[in-house]
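Only one structure is covered here, and it is reproduced in the block below.
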Amino acid sequence: MPNPLKYNKNYDKLTDEERALFEINKKSISDFVEQSASLSDVNYATRNAHAKTYAVANGKLIINKDIPTELQEFFDKDIYDLTIRLSNAHLKISKSKKDIPAYGFAVKIKDEHGNLIANYPLVNFPLFPINSVCTFLKLFTSVNQFYIKKWSSFSLITQIAKVIPSTFTSSFIKNIVRFFNKRNDFILSFDFYSVGVYRLGDYMIKIKVSPKSVDKKFGRKKKVKDAIEYYLTMTDFIADVHVQFCYDLENQPINKLNVEWKNSPYIKIGQLKIENGNILDPASCENELLSFNPYENKIFFQPVGKIQKLREEAYKVSLKTRDKINKLLKYNT
């Protein structure tokens with residue numbers, strides 16, 4: 001394996017302007033979560049993204065015996081326990097049968113004692129349309145404020161317009177076309193991606209989970225939630241887990257998330273498996289209150305990059321507000 005580029009904390013560094021905008025954004029996150037129960041018409045405060053839980057299941061990560069020598073120090077066990085949450089990316093919980101096919105596949109990796117090793121929130125689109133932290137924060141704040149009716153739709157449209165130019169890359173257009181062609185496919189037939197970058201020791205990686213032998217037409221006449229429950233009740237779900245390494249910033253940029261990494265082959269590190277019958281109750285308080293904050297990861301598995309850095313405080317604000325509101329609503333385990 002060639003020598004990967006090493007992590008540097010400067011990849012995560014925010015400017016004074018970005019930090020100021022982030023403080024405004026955190027307030028909008030808190031305001032949204034405080035009103036989320038009424039916005040989604042549920043009896044608990046929701047997340048401010050991926051609010052709708054389709055399924056929660058236990059699984060295993062089975063490490064390949066022939067992984068490169070350089071990676072063996074990070075995987076000292078053959079099998080790791082997982083908790084997996086499947087979700088929809090929308091901020092609100094929709095009661096409609098047909099959801100926008102923007103899906104989440106969040107993975108919590110634990111040791112044999114149940115202690116957290118790493119959280120990886122994955123999604124079914126490999127790119128992110130925004131590279132500018134300032135643009136992202138202004139848009140995210142506008143979206144939150146739009147839903148809680150503090151800002152007009154004009155403000156939101158203005159921020160969306162600023163994002164459009166960054167979607168005109170060959171990588172983004174190619175993946176939009178591919179995504180459109182798969183829009184009606186079964187959720188578990190999609191590949192899921194980290195989008196952003198993570199540490200693997202001193203190295204930096206992206207992650208992809210690729211399902212094996214899942215019928216893309218499965219459950220098309222069912223609601224997504226019902227289709228997942230039926231599939232995981234009757235069938236084992238198996239997916240290959242791959243990583244890409246960053247070798248140089250020109251071909252594998254850290255803070256340019258609207259292009260695919262080039263000249264970095266995927267390396268299979270193992271398989272993710274959910275045995276049939278291992279699905280949990282997604283509506284239980286314990287599972288609804290699960291957090292997949294990647295900044296709770298062990299230090300050598302933490303996120304990398306400026307957009308990723310925003311997750312650290314955003315998750316904390318969201319979870320703190322959810323806990324506060326859910327105590328008031330007497331929604332607990």
If you measure only the distance, is there a donor-acceptor pair under 3.5 Å linking the side chains of [X] and [Y]?
{"X": "Y54", "Y": "N88", "result": "yes"}
{"X": "Y231", "Y": "D215", "result": "no"}
{"X": "T83", "Y": "K110", "result": "yes"}
{"X": "N276", "Y": "T235", "result": "no"}
{"X": "R47", "Y": "S318", "result": "no"}

**Study point:** Other residues, nucleotides, ligands: >12 heavy atoms within 6.0 Å of K256 NZ
**Key:**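 Count not over threshold, so no.
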
Point to revise | Exceeds 12 heavy-atom contacts within 6.0 angstrom, atom CD of E250 | key: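 Counting other residues, nucleotides and ligands, CD of E250 stays at 12 neighbours or fewer.
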
Exercise for review: Would you check, one step at a time, whether the test side chain to side chain donor-acceptor pair (under 3.5 Å) holds for K27 with N144?
Suggested key: CA-CA 10 Å; K27 178 64 167 60; N144 286 332; over 6 Å; no

Under the 6.0 Å and 45° cation-pi test, does [X] pair with [Y]?
{"X": "K206", "Y": "Y193", "answer": "no"}
{"X": "R183", "Y": "F180", "answer": "yes"}
{"X": "K268", "Y": "Y266", "answer": "no"}
{"X": "K92", "Y": "Y147", "answer": "no"}

Check your understanding: For N181 and R178, what are the C-alpha separation, side-chain angles and deciding distance, and is it a side chain to side chain donor-acceptor pair (under 3.5 Å)?
Key -> CA-CA 5 Å; N181 291 334; R178 182 185 298 161; over 6 Å; no

Check your understanding: For the residue pair F190 and F179, does the interplanar ring angle fall in the parallel (under 30°), tilted (30 to 60°) or perpendicular (over 60°) class?
Key ->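 Tilted: the ring planes of F190 and F179 meet at 30° to 60°.
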
